[in-house]
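What you see below is based on every heavy atom in this structure, not just the backbone, and it leaves out hydrogens, waters and symmetry mates. Source: prediction; values computed, not measured. One-based numbering along the sequence shown.
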Amino acid sequence: MNAIFTTPQRPLDVTALFPQLAPLARTATRLHPRPGAPTVHDNSVGGPLLWPADEPWPYCREPHDRHAALRINSPDDIRLQRRVLAAAAERLHLDPEAPQWTPEEQETLNLINAGRRWFDGPIPLVPVAQLYARDIAFPCPPDADLLQVLWCPFDHEMAHPKTALFWRSSATVTDVLKAPPEPPIVQDGWYLPEPCLFSLEQVTEFPNPMELDKELRDQLDDMSRWETVDPAQYSPYADDPGELYLNNLCSAPGWKTGGWTRWSPTDPVDRACPECDTEAVPLLTIASSEWDGGSATWIAEQDRPTPGPPPLGSRDGNFTLIDITGGNNLQLHVCPSSPYHPHFELLQ
């Protein structure tokens, strides 16, 4: 991807008001996924993986709930539906009086809406993300430089897809699997990522208020601390300073590596590694959108409205077309002492 995405400067320097936050600063890498045509050598969402031809493709062999969705489709059904929707949006942009659907499009949508037969059997995992350590900072084993994230496209425990992490050395993959298997059906189109490339940007993050000690939380709630700040610097973004800090100063929304955990709707929970008791750290946030109504200051400068029909998902920053339980994030955490230890999935 040639485009560069730039996060606007924060509304104010929060460490100038609260110096105790400065030592808590962490760097996160915003990934800014945007639709593209990734190859196996790219960092990507939903793209082809640098997968060894002689390594078996992973399957989910757990039971799946045939009643979890009203309609079951194949990956090809979902891709075709997306093409039809994009063509219709383009046509209506050029001619608002044009019909919403052509007869051919309506026939195609009717077939897709009829759904597929249920499939009882192992489900091939779906590629979700591929990250090269040469480009992106994230906890990585010393013998690996590539992270591949896959998931089962059906809900499992906690009503979200179950992820699997694969670490490998890219230099050892000389013969790449050309045509990995695809699931015959998926629970929902939201679990089939739209292929995207990344535009990497580092930002500074601070802890969620719930992870601060009581003294610092009390200081953040002390209105007199904020009286030195011109309200014009934050009033367009929040009704009160607490909201300003939570949504616009502490942690970035969207796809990212590193940084701090975003806690919502649940409070912080124990993240001790079950093998060594080390506290797990954020690895990758799989986001349902790049921004929401409360975090508009994080919208990249290049994502401001432009003429022409918006790409699918761009109105709410959902370029990957992933949606997890109605707009939540799936935050993967790993043990910093050994990323090979079991990873954590936090639905937030």
Side-chain angles (χ1 to χ4, degrees), residues 33 35-38 44-49 51 56-91 99-130 148-164 166 177-196 286-289 311-313 316 318-328 330 345 347:
S44 67
V45 171
L49 304 182
W51 194 273
W57 190 261
Y59 282 71
C60 178
R61 303 184 185 279
E62 297 182 14
H64 302 103
D65 182 4
R66 69 172 65 218
H67 303 295
L70 296 177
R71 186 185 79 206
I72 299 294
N73 288 123
S74 71
D76 282 341
D77 292 337
I78 293 162
R79 296 185 186 108
L80 178 57
Q81 182 182 47
R82 290 174 181 175
R83 290 196 296 271
V84 169
L85 295 176
E90 173 70 18
R91 181 175 60 253
Q100 182 177 13
W101 314 113
T102 67
E104 294 80 9
E105 290 170 345
Q106 186 64 67
E107 182 180 0
T108 298
L109 292 175
N110 289 342
L111 289 173
I112 294 172
N113 288 333
R116 297 273 177 173
R117 285 187 175 183
W118 179 255
F119 172 80
D120 255 326
I123 297 290
L125 300 192
V126 172
V128 176
Q130 177 166 267
Q148 294 168 331
V149 181
L150 297 88
W151 69 19
C152 174
F154 285 83
D155 284 338
H156 285 264
E157 187 178 1
M158 299 300 293
H160 61 71
K162 183 178 181 180
T163 58
F166 294 86
L177 182 65
K178 297 295 190 296
E182 280 203 324
I185 57 174
V186 299
Q187 177 178 307
D188 199 304
W190 296 119
Y191 293 167
L192 184 71
E194 182 73 4
C196 289
I286 301 171
S288 294
S289 66
L312 285 178
D316 56 0
N318 186 6
F319 299 95
T320 66
L321 302 184
I322 287 175
D323 189 286
I324 301 170
T325 63
N328 287 303
L330 190 60
E345 298 173 331
L347 183 66

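- Using a 4.5 Å heavy-atom threshold, the side chains of Ile72 and Arg66 count as separate.
- Residues passing the side-chain hydrogen bond (donor to acceptor under 3.5 Å, both in side chains) test with Ser74, sequence neighbours excluded: Asp77.
- Put simply, the side chain of Pro124 reaches to within 4.5 Å of the side chain of Pro184, judged on heavy atoms.
- Between atom CZ of residue Phe119 and atom NE2 of residue His64 there is a gap of 10.0 Å, rounded to the nearest 0.5 Å.
- Qualifying ring-ring contact (aromatic ring centres under 6.0 Å, His included) partners for Trp51, counting only residues two or more places apart in sequence or in other chains: Trp57, Phe166.
- In this structure, Asn73 and Ile112 approach most closely via the heavy-atom pair ND2-O, 2.9 Å.
- Within the model, atoms NZ of Lys162 and CG of Leu330 stand 13.0 Å from one another, a figure rounded to the nearest 0.5 Å.
- Considering only heavy atoms from C-beta on, Pro193 comes within 4.5 Å of Val126 through its side chain.
- Although no hydrogens or angles enter the test, the distance criterion places a donor-acceptor pair under 3.5 Å between the side chain of Glu345 and the main chain of Thr163.
- Here the side chains of Gln130 and Pro38 are not in contact, with every heavy-atom distance at 4.5 Å or above.
- For the side chain to side chain contact (heavy atoms under 4.5 Å, CB included) test with Leu192, the passing option among Pro183, Pro153, Pro75 is Pro75; the others fail.
- Distance alone, capped at 3.5 Å, places no donor-acceptor pair between the Asp76 side chain and the Leu80 backbone.
- Using a 4.5 Å heavy-atom cutoff, the side chains of Leu49 and Pro180 are not in contact.
- Counting heavy atoms from C-beta on, the side chains of Asp155 and Pro161 come closer than 4.5 Å.
- By the 30° and 60° cut-offs, the orientation of the rings of Tyr191 relative to Trp151 is perpendicular.
- Scanning for side chain to side chain contact (heavy atoms under 4.5 Å, CB included) contacts around Ala68 gives Asp65, Gln187, with sequence neighbours left out.
- Arg82 places a side-chain N or O within donor-acceptor distance of the main-chain N or O of Gly189, the cut-off being under 3.5 Å.
- Across all non-hydrogen atoms, the minimal contact from Pro127 to Gly47 is CB-O, 3.7 Å.
- Here the options are Arg83, Gln100, Arg91, the test is side chain to side chain donor-acceptor pair (under 3.5 Å), and the partner is Glu105; only Arg91 passes.
- Within a 6.0 Å radius of CD in Gln106, more than 12 heavy atoms belonging to other residues, nucleotides or ligands are found.
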Would Cys152 and Glu62 satisfy side-chain contact (heavy atoms from CB on, under 4.5 Å), going step by step from the backbone distance to the final call? CA-CA 10 Å; Cys152 174; Glu62 297 182 14; over 6 Å; no

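- Looking only at side-chain heavy atoms (C-beta outward), Tyr59 and Pro181 come within less than 4.5 Å of each other.
- Between atom CD1 of residue Ile78 and atom CG of residue Leu321 there is a gap of 10.5 Å, rounded to the nearest 0.5 Å.
- To the nearest 0.5 Å, atoms CG (Leu109) and CG (Leu85) are separated by 6.5 Å.
- To the nearest 0.5 Å, the span separating OG on Ser288 from CG on Asp323 amounts to 4.5 Å.
- The distance from the CD1 atom of Ile322 to the CD atom of Glu194 is 10.0 Å, given to the nearest 0.5 Å.
- Taking the side chain as every heavy atom from C-beta outward, Asn110 and Trp101 never approach each other to under 4.5 Å.
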